[in-house]
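Please read these numbers as outputs of a predicted model, since none were measured by experiment. In the text below, chain A, chain B and the rest are named by the order of the sequence lines, each starting its count at 1.
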Amino acid sequence: MDLTEILYQRFGYRNFRTGQEQIIEDVLEGRDVFAMLPTGAGKSMCYQLPVYAGASPVLIVSPLVSLMEDQVQQLKSSGEKRVVALNSFQDFEMRRSTLRNLSEYVFIYVSPEILQNKIVKETLKKIRFQLMVIDEAHCISQWGHDFRTDYLKLGDIREELGRPPLLALTATATAEIREDIISQLHMSNPSCHVYSVDRPNIAIKLEKLNSIEEKVKAIHHYANRLQGPGIIYFSSRSWADKMAKELESCGVGRVASYHAGLDQEDRLLIQQQFLNDELSVVCSTNAFGMGINKRNIRYVIHFHPPSTFESYLQEIGRAGRDEKRGIAIHLYTAEDEFLPLSFIESELPNHNQISRLMNNVSTRIGKRLTQKQYESEGVPLGLTETAWRYIYHKLEVHGIVQNDVIMNFQLDDKISRILDETERRKNEKIVKWVRFKSWLEEDRCRRKGLLEQFGELPVTIDPCCDYCGLTLKRYDKITAKEEKQVEGIIDWKDELSRMLGVQKEENSEKSTG
DNA sequence: CGTGGTTAGCTTAAGCTAACCACGGTGCGTTAAT
């Protein structure tokens with residue numbers, strides 16, 4: 001059957017979006033494919049459609065449980081019942097019955113971690129996958145080296161599964177990261193589909209301020225005047241909490257804070273409320289966003305800086321998915337420099353910690369070294385959990401630990417090699433942050449500077465950024481309303497809620513403010 | 001860098017202050033002990 005025909009019959013679309021058709025064709029040819037499509041460009045279609053053209057079953061590696069559950073729900077509601085996610089949402093009994101009947105499914109979602117489970121892996125090996133997908137593949141580079149090291153084992157897993165064709169999908173990867181992903185996954189002669197990361201409908205504004213108080217003031221100013229809904233990013237949970245309370249009490253509308261300190265239930269609730277337009281603003285840490293498929297986010301403000309260009313692009317890319325205009329505002333002060341640096345310090349072990357831990361390990365050859373031992377080995381050395389996992393992974397890579405057991409090894413040689421690698425890793429991270437920091441301080445077109453990082457040529461668009469001239473008025477609440485009236489556009493959501501007698505936030509806000 | 005918690009040390013011995021220091025952000029899976 002013709003691909004366009006499947007697209008229409010299965011998904012109800014007449015036309016492919018940019019890149020989709022070529023990517024799907026390569027996937028169906030059984031090639032390894034690396035695809036970089038801008039946020040919100042319909043990446044999941046690239047593996048969903050092939051299933052109905054014969055590339056079935058498919059194994060999808062996804063970074064977040066909530067993301068998996070989302071995709072499962074979406075596919076189910078579109079009438080596909082042969083879809084399942086293997087993760088900690090399932091209790092023991094459910095997992096057992098899923099594993100027993102695994103061959104009945106055509107879409108199997110998994111986390112990188114659960115692929116390390118022996119029973120899961122053995123069961124998956126019996127299935128002849130026609131395609132393996134790494135969704136949000138930048139996680140390999142962003143998290144795999146320290147935070148979630150199981151991401152670096154995906155290449156081996158793929159071999160163990162009989163080397164099915166691989167599709168890596170992401171929205172943001174610099175040339176370096178693209179190379180890292182391709183090599184980590186052992187992709188062979190991949191067909192690369194790399195599209196512009198630029199989101200022309202998002203204007204960029206950088207604002208240098210002198211103190212944190214000025215930043216707070218600016219947040220109030222923008223939250224009051226800008227057309228929402230919006231996301232404000234912070235680098236600490238306490239700031240997110242604090243500003244959410246403050247903004248709500250100042251009549252901005254309903255504001256929630258979101259971070260990993262909340263329990264799963266609250267996180268889900270806030271996501272749902274935001275999606276349903278019941279919140280004007282979400283104040284969050286970088287925990288919020290991945291998989292948030294909300295089309296009408298109008299602004300993203302950074303109260304604190306992310307530490308890489310990719311993170312920044314991911315975060316601002318959540319605005320304006322409906323193709324209408326959005327704005328990204330970054331507030332910057334001199335002291336912001338220290339937070340990203342302290343994160344880098346804390347996620348990688350230092351010289352002293354590495355050599356002391358390895359000396360200790362060398363005295364216990366033949367014994368087990370398990371993650372549980374972090375309490376007795378890592379904590380006294382002041383290692384964070386991430387730093388501990390990093391070392392553990394290094395010990396595995398260097399063959400010092402095999403199946404949790406400590407092997408005989410050349411202490412001095414291994415120490416110096418692991419120290420070298422760690423030093424290099426730390427430098428890479430610092431360089432990335434310094435590059436981002438200098439972008440914040442440069443006196444030139446923001447968009448050009450941003451696109452250069454991704455190997456793209458300058459473009460001219462309007463409105464572009466504060467350097468190229470930007471009228472904020474276009475993003476104001478009032479303007480958005482006036483325009484609707486002038487252009488005679490009916491906002492169907494507004495209209496519908498009026499008909500149903502639902503009191504909208506915007507209206508109630510006026511009476512209080 | 002800024003913040004928040006802890007503690008030493010002071011003095012109308014119970015509560016205050018100043019000095020000091022640790023910490024700050026991402027998620028998976030799993031299990032032992034009530």
Exercise for the section: Grab the CD-C1' distance between Glu213(A) and dC1(B) for me, whole Å please. Expected result: 12 Å
Practice task
Say whether, by atom type as modelled, one donor and one acceptor occur between the side chain of Arg254(A) and the main chain of Asp277(A) under 3.5 angstrom.
Solution key: no
Problem - d(CG, Asp241(A); C1', dG4(B)) in whole Å - result: 14 Å
Handout entry: Nearest-angstrom distance from the residue atom CG of Leu339(A) to P of dT26(B)
Key = 11 Å
Problem - Distance, P atom - from dC23(B) to dT30(B), rounded to whole angstrom - result: 29 Å
Handout entry: Pair Glu122(A) + Lys125(A), salt bridge at N-O below 4.0 Å
Key = yes
Handout entry: Check: Tyr299(A) ring centre within less than 6.0 Å of Tyr222(A) ring centre
Key = no
Fill in the blank from the handout: Atom CZ of Arg237(A) and atom P of dT3(B) are separated, to the nearest Å, by 19 Å
Handout entry: Phe234(A) and Trp239(A) aromatic ring geometry - parallel, tilted or perpendicular at 30°/60° bounds
Key = parallel
Exercise for the section: Could you check if the base of dA22(B) is syn or anti? Syn means the glycosidic torsion is within 90 degrees of 0. Expected result: anti
Problem - Under-4.0 Å salt bridge between Lys215(A) and Glu335(A) - result: no
Practice task
Report yes if the side chains of Thr149(A) and Tyr392(A) come closer than 4.5 Å at any heavy-atom pair, otherwise no.
Solution key: no
Polar pairs (N or O, both sides) under 3.5 Å between protein and nucleotides 20-22 of chain B?
none

Exercise for the section: Measure from the side-chain N and O atoms of Tyr109(A) to the backbone N and O of Val83(A), and report whether any donor-acceptor pair falls under 3.5 Å. Expected result: no
Exercise for the section: Salt-bridge test for Arg447(A) and Asp198(A): reply yes if a basic N is under 4.0 Å from a carboxylate O, no otherwise. Expected result: yes
Handout entry: Integer angstrom distance from the P of dA13(B) to that of dT17(B)
Key = 16 Å
Fill in the blank from the handout: Taking every heavy atom of Ala260(A) against every heavy atom of Arg237(A), the minimum-distance pair comes out as CB-NH2, 3.6 Å
Exercise for the section: Please measure how far the P atom in dG25(B) lies from the corresponding atom in dG5(B), and state the result in whole Å. Expected result: 14 Å
Exercise for the section: Identify whether the distance between the nearest side-chain nitrogen and carboxylate oxygen of Lys208(A) and Asp336(A) falls below 4.0 Å. Expected result: no
Handout entry: Distance-only donor-acceptor test (3.5 Å): side chain Ser346(A), base dG25(B)
Key = yes
Exercise for the section: Scan Gln142(A) against the nucleic acid and name what it touches under 4.0 Å (heavy atoms): base, sugar-phosphate only, or nothing. Expected result: nothing
Completion exercise
Glu345(A) CD to dG25(B) P, in whole Å, measures 17 Å
Exercise for the section: Run the numbers on Tyr258(A) and Phe274(A) for ring pair (Phe, Tyr, Trp, His ring centres under 6.0 Å), then give the verdict. Expected result: CA-CA 11 Å; Tyr258(A) 183 101; Phe274(A) 192 56; 9.5 Å; no
Exercise for the section: Could you state the atom-to-atom distance from CD of Glu310(A) to P of dT26(B) in whole Å? Expected result: 19 Å
Which atom pairs link the protein and nucleotides 27-29 of chain B when you take only N or O atoms and keep those under 3.5 Å?
| from | atom 1 | to | atom 2 | distance (Å) |
| --- | --- | --- | --- | --- |
| dG27(B) | OP1 | Arg267(A) | NH2 | 3.1 |
| dG27(B) | N1 | Arg389(A) | NH1 | 3.4 |
| dG27(B) | N1 | Arg389(A) | NH2 | 3.3 |
| dC28(B) | OP1 | Val65(A) | N | 2.4 |
| dC28(B) | O3' | Ser111(A) | OG | 3.2 |
| dG29(B) | OP1 | Ser88(A) | N | 3.4 |
| dG29(B) | OP1 | Ser111(A) | OG | 3.1 |
| dG29(B) | OP2 | Ser88(A) | N | 3.0 |
| dG29(B) | OP2 | Ser88(A) | OG | 2.4 |

Completion exercise
Tyr258(A) atom OH is separated from dG25(B) atom C1', nearest whole Å, by 13 Å
Practice task
Identify whether any heavy atom of Ser342(A) sits under 4.0 Å from a base atom; if not, whether one sits that close to sugar-phosphate; answer base, sugar-phosphate or nothing.
Solution key: base
Completion exercise
When rounded to whole Å, the NZ to C1' distance for the pair Lys215(A) and dC1(B) reads 11 Å
Exercise for the section: For nucleotides dC28(B) and dA33(B), find the distance between their P atoms and express it as a whole number of Å. Expected result: 26 Å
Exercise for the section: Quote, to the nearest angstrom, the P distance that separates dA19(B) from dT11(B). Expected result: 15 Å
Handout entry: C1' spacing across the pair dT34(B) / dA14(B), given as an integer number of angstrom
Key = 39 Å
Exercise for the section: Quick one: sort the Trp439(A) and Phe309(A) rings into parallel, tilted or perpendicular, breaks at 30° and 60°. Expected result: perpendicular
Practice task
Determine the interplanar angle of the Phe147(A) and Trp143(A) rings, folded into 0 to 90°, and report it as parallel if under 30°, tilted if 30 to 60°, perpendicular if over 60°.
Solution key: perpendicular
Exercise for the section: Name all stems that contain residues of DNA chain B, defined as runs of 3 or more consecutive Watson-Crick or G-U wobble pairs, both distances under 3.5 Å. Expected result: B:1-10 with B:15-24
